[in-house]
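All chains are named by letter (A, B, ...) in the order of the sequence lines, taking the proteins before the strands, and each is independently numbered beginning at 1.
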Amino acid sequence: MGKNGNRPMILTEDLWKTYEMGSEKIHALHGVSFEIRQNEYVAIMGPSGSGKSTLMNVIGCLDTPSQGKYYINDRLVSELSDDELAYIRNKEIGFVFQTFNLLSRATALHNVELPLIYNGTPSVERLERAKASLVKVDLGDRMGHKPNELSGGQRQRVAIARALVNNPSIILADEPTGNLDTATGVEIMNLFERLWEQGNTIVLVTHEHDIAAHANRIIHLRDGRIERDEIVRQVEAQKPQPQTTEAAT
Amino acid sequence: MNINLTESSKIALNALRTHKLRSFLTLLGVIIGVMTVITVVSIIEGLDAYVKNQVLQFGSDTFSVQKFPNFVTSFEQFLEYNKRRDLTVEDMKAIEERCEKCKAAAAVQSKNGTVKVGTQSIEDVEIRGVTVNAPFMGQIMELSEGRHFTDFDIDHAAHRVIIGADVAEKLLAGRDPIGLELKINEVPFEIIGVAKKTGSFFGQSLDNFVRIPMTMYQRIFGARDSVFIQIQAYRESEVPQAMDEVRLIMRSRQHTPYNKDDGFSMETAATFIDLWENFSRGIFVVTIAISSIALVVGGVVIMNIMLVSVRERTREIGIRKAIGARRRDILVQFMIEAITLSGVGGLVGALLGLSIAFVISALSPLPVTIRWWSVLMGMGLASSVGLFFGIYPASRAAKLDPIVALRFE
Ligand SMILES: Nc1ncnc2c1ncn2[C@@H]1O[C@H](COP(=O)(O)OP(=O)(O)OP(=O)(O)O)[C@@H](O)[C@H]1O
Ligand SMILES: [Mg+2]
């Protein structure tokens, strides 16, 4: 692939994830090896049950592979301490879950504010940034709503706002537009596009070819294996110095 | 990258506020546990103090000579004791005369009967025949009105009576009792005094009696039954010598051969206290049992609430970890939650327990004594349960991979 000056941010070697269901073994990941360099925009596609979410969870440091090695920024994840993992989940990775995973009893604003609480951002700044993040996903008028007072698409946008609030360098999004109408879907994709242009790395799972077309690389999964890994769009030279954590809100 | 205690507390208190029912039920568990322990211990300890106090009124410088010992354990024993000679007022007088270490002696005899004032009567009143010293020994009888018997009253079998507070209340209801006529077995008596109310013990009124001179008692009921002799030594330390003297006097009066056992029994306040101590050890075990049950009930309530909420809380922990909470952050949050619940529950439980104890002592004859160790024990145990079940499941959940916690069913 060799994009100049880009080091691999994500590097996996022969990842397996095996679930034992009684006597039967299900290999959700079946020997997956690949690398993702800084500022790539990767779409992961594949039929339902092919292991897309499992793979995302592993590279988001939310799940442990049964076998194989995973390096994030040259560091072997299995050797990281709980505190280091927490730091990576908090600062480096913005994760958008397929099922949102919002705190059901907290308001949209508090949900978005939460990652900032865990890294000790002072409360005034925290509120400002959480609000800005919600405005960015067009939810400025729903900050006081709890998840069950929001539509599916709105919840998804809260989840996206939460993932973006810390200006993570890697955005992992599991079907981020699955519940959105076309217009908001396009909005969100434009948002990702902008983040990518600012130098962030984006990995997203999608079923839709339109969405995948935004990416410059598509990884096709089937039965836990990489079936095809294609570069769809040669990327023009990006800004050499990516703004990551310092990116303005 | 650090979250301070203020933020953790905010998160924790917020969690308590958003889960009102759960918080309330947990509090309830702690409160039940603490409250019951304090109440039960207060009542039992109160009872203990009361009994000791009652027994001590008998006086530690006092002992008694009686036909039967205080406790007869079998029917065979009863038959054996029953063969003993009855004790008489003469025995008492002999002791009074000849015992040097004895300050005073008195004889008492009693029987239940019916008393009457005018046309009104009550049954089952304890009728006591006493010698002159009797009122000043043993159950101290202070009078609220009138006077005690004199030597003259006793020696001349005066038709005079001192009545208990219950009898005064039931038969005289507000009238001035002194000088009124009261009939015992149709024999008329003049009321010369009313005893102060003592209250009740185990539901049994201690004020339902009348006292008449022993001479009158024996005239009405005959002199067949054995009397109960009370003796007071000059000082407590001389009780053993006084008892030795009395034993010799009694043995010689009863012509007991040197190789035979006494034909009477002697009891001291110490015997009572020993017995009570034995008995109250049993009560103490019961106290512990009841308190433990209360704590277990409270504990089970707390445990259930906590465990039922584990599913939801585990998901919450998964979410928090997924967005960057450290294991420590989760633990601190749950600790603050548990400490708050246990602390508040413990305090409220303690206040309620103490209030109940006070209310019981105010409204019922049950004596109540607050023991601070019971407050500490209740609060300590209930909050340990709260802390354990608040923190332990959370600490386990905090060790899971976030995704495992998120999927927890
Ligand atoms: N906790 C689990 N226990 C057992 N099997 C699991 C578990 N999680 C996932 N699997 C299995 O692993 C396989 C991959 O699941 P995964 O969620 O990664 O699929 P996916 O590609 O994200 O599907 P979808 O497009 O429907 O979201 C599936 O066959 C699933 O049944
Ligand atoms: Mg999926």
Student check: side-chain heavy atoms of Leu85(A) and Arg327(B) closer than 4.5 Å: no
Name, in order of residue number, those residues of residues 16-27 of chain B that have a heavy atom at a distance of less than 4.5 Å from a heavy atom in chain A; otherwise write 'none'. Thr18(B), His19(B)
Ser81(A): which residues meet the side chain to side chain contact (heavy atoms under 4.5 Å, CB included) condition with it, sequence neighbours left out? Asp83(A), Glu84(A)
Which heavy atom in Arg320(B) sits nearest to a heavy atom in Leu114(A), and how many Å separate them? NH1-CD1, 3.8 Å
Atom CH2 of Trp372(B): over 12 foreign heavy atoms under 6.0 Å: no
Acceptor/donor pairs from residues 339-346 of chain B side chains to any protein atom, 3.5 angstrom cut, sequence neighbours excluded:
{"residue": "Thr340(B)", "atom": "OG1", "partner": "Ile336(B)", "partner atom": "O", "Å": "2.6"}
{"residue": "Ser342(B)", "atom": "OG", "partner": "Ala338(B)", "partner atom": "O", "Å": "2.8"}

Nearest heavy atoms of Ala86(A) and Arg326(B), plus distance in Å: CB-CG, 3.5 Å
Atom group of Ile93(A) that falls short of 4.5 Å from chain B, counting heavy atoms: neither
Which atom of Phe97(A) lies closest to which atom of Ala322(B), heavy atoms considered: CZ-CB, 3.7 Å
Can you measure from CD1 (Ile323(B)) to CG (Asn166(A)) and round to the nearest 0.5 angstrom? 9.0 Å
Output the residues of residues 389-407 of chain B for which the shortest heavy-atom distance to chain A is under 4.5 Å, in residue-number order; output 'none' if no such residue exists. Asp401(B), Pro402(B), Ile403(B), Leu406(B), Arg407(B)
Between atom CD1 of Ile11(B) and atom CG of Leu103(A), what is the distance when rounded to the nearest 0.5 Å? 9.5 Å
Proximity breakdown for Asn57(A) and chain B, heavy-atom pairs closer than 4.5 Å: side chain
Taking atom CG of Asp223(A) as the centre, report whether more than 12 heavy atoms of other residues, nucleotides or ligands fall under 6.0 Å from it. no
Lys69(A) atom NZ: more than 12 heavy-atom contacts under 6.0 Å: no
Under 6.0 Å from the CZ atom of Arg222(A), do we count more than 12 heavy atoms belonging to anything else shown? no
Leu62(A) side chain near Lys321(B) side chain, heavy-atom distance below 4.5 Å: no
